[in-house]
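I have placed the structure first, in the form of structure tokens, so that the comments after it can refer back to it.
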Amino acid sequence: MLLALLMVSSALLTLESTTRLLDPLRSFVGTLVSPLRFVAETPYFIGGEVDEVLTDREQLQQQNSALNQRVLELSQVTQQFLALRQENERLRGLLGSRRRIPHDVLVAELIGIAPRPNSLQIVIDKGTSAGAYIGQAVLDSQGLFGQVVSVDRFTSHVLLLSDHMHALPVEVNRSGVRGIAAGIGERNQLRLEDVPTTADIREGDLVVSSGLGGRFPQGYPVGRVSSMQVEPGAALASVLLEPTAHLDRSRHVLLVFPAEQPVVEALEPSVELTLDEPEEILLEPQPTEETP
Amino acid sequence: MNPAQGGWVILLTVVLAMLASIVHLPESWPAWLGWWRPVWVPLVLFFWVVEVPHRVGLIAAWIVGLALDVLVADPLGINGALLACLTFFTWRFYERLRMFAVLQQGLLLLVLLSVYELLRSLVLAWVRGDAFSWAVLLGPLFSAFLWPFVYMFLQRLRTGFRVA
């Protein structure tokens, strides 16, 4: 019996490391155990609620004025942004290139962190029922965050940019130099791979996603160059990035949907249902009374 | 007496152990504390196999492992295989293990769980290319330290609910 189980296990291990055949199994078991995830996160949910209840008037006012300030600042940026976008579209039109597609996003909340310090994954509270899919790009408020690697019905796992299994095509915003930003397993560091020593990269440069792999949308910030070192005689420079996303702090992230796909339906029916239900309940009993 | 009594207690403690292995610390705490997380599921399973070996089967242990794989995002099958091995080993020697003092059991658990974690991280390094780190031994160390308390708690549950 033990031998049989060991054989099944090794079969599963080999199947999963070479193919994607086991995704449905993982998703099924994941759906079964997903209540555990929500239970495990309750201390933080309750903590958040208690915090909200206990904040006093003064704190709220302070927070409110800070937020108002922020809205002002952001709306100023947005005004500029609208003008710039139009200008950009005009210029792109002149150049004959395709217009950029805006993306739809869905807010998700963190409900778990992979329990090992050396595997950088988080669990979020949106699954296939909200339209999440494997390979989907995930952002936080500051930049690219990671991608979805496994989904079940109510939750999904997100692999962070800085996991050592993760890499994505990027370009330096200032000079347009392309490269690949790979995670090295450190929470706050990425490495730009295979950069020639002559590449035009400086410390402090913003690195954005180039969208070349087709998986991540183009033009979202990935990180800033924190160090660029050239060893004499070496063929490649070693360039380290500091991710702009708060990989270890963000509790809310955004799932990015390609624009062709209709906006997630999961949110809308619930609104319609609450509006329609009273009428239906009133209407339906009447025919049943007439039939006898 | 009902021979199959208190199965739900076993199930409940195993589920609680799974819960304890995915609860995460506040983000503001240093990440290295995560290495000290006790390996709860093998610990609890070990207790039940030693005390009521006829109630814990290899397949059940394997299925618990499968659920654990999904919960902690490990490759499918790895925890199942290791838990089944642990259960098998404990089955072989449960009569002798019951005679051990709690501290002796703790020492044995230190060895068993270290082997468990080492095998696990070796398989992870092989299948997924994870970096191997000796820090994985901190979890078993802390588990062995906690064993007397876990033992007392579970023993009280076992006698209280007459699990047999």
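Numbers restart at 1 for each chain; the letters A, B, ... are given by sequence-line order, proteins then strands. Predicted, not measured: the structure shown is a model, and the values here were computed from it.
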Could you check which of [options] has the highest count of heavy-atom pairs closer than 4.5 Å to chain A?
{"options": "B:C85, B:A61, B:A20", "result": "B:C85"}
{"options": "B:V123, B:V70, B:V15", "result": "B:V70"}
{"options": "B:L71, B:V127, B:V23", "result": "B:L71"}
{"options": "B:I22, B:T87, B:I78", "result": "B:I22"}

Over 12 foreign heavy atoms within 6.0 Å of CD, A:E58: no

Determine whether more than 12 heavy atoms belonging to other residues, nucleotides or ligands lie under 6.0 Å from atom CD of A:E231. no

Atom group of B:I59 that falls short of 4.5 Å from chain A, counting heavy atoms: both

Tell me, for B:D74 versus chain A, whether the close heavy atoms (under 4.5 Å) come from the side chain, the backbone, both or neither. backbone

Below 4.5 Å, heavy atoms only, C-beta onward: do [X] and [Y] meet side chain to side chain?
{"X": "B:F47", "Y": "B:R158", "value": "yes"}
{"X": "B:W62", "Y": "A:V8", "value": "yes"}
{"X": "A:H157", "Y": "A:V123", "value": "yes"}
{"X": "A:F145", "Y": "A:L247", "value": "yes"}

Nearest non-hydrogen partners of [X] and [Y], listed with the distance:
{"X": "A:P221", "Y": "A:L206", "answer": "CB-CD1, 4.1 Å"}
{"X": "B:V163", "Y": "B:V52", "answer": "O-CG1, 4.0 Å"}
{"X": "A:E109", "Y": "A:D125", "answer": "N-OD1, 2.8 Å"}
{"X": "A:S9", "Y": "B:G80", "answer": "OG-C, 4.3 Å"}
{"X": "A:P169", "Y": "A:G213", "answer": "CG-N, 3.5 Å"}

For residues 43-51 of chain A, give me every residue with a non-hydrogen atom less than 4.5 Å from any non-hydrogen atom of chain B. A:Y44

For chain B, which residues from residues 21-31 of chain A have at least one heavy atom closer than 4.5 Å to it? A:L22, A:L25, A:R26, A:V29, A:G30

Could you look at A:L3 and say if it's the side chain, the backbone, both or neither that has a heavy atom under 4.5 Å from chain B? neither

Let's test your reading of the structure: which of A:R187, A:M7, A:M165 forms the most heavy-atom pairs below 4.5 Å with chain B? A:M165

Given the options A:V33, A:L2, A:L13, which has more heavy-atom pairs under 4.5 Å with chain B than any of the others? A:L2

Can you confirm whether or not the ring centre of B:W48 sits under 6.0 Å from the ring centre of B:F46? no

For residues B:F89 and B:F93, establish whether the separation of their ring centroids is below 6.0 Å. yes

Do A:E41 and A:R251 sit within salt-bridge range, that is, some charged N less than 4.0 Å from a carboxylate O? yes

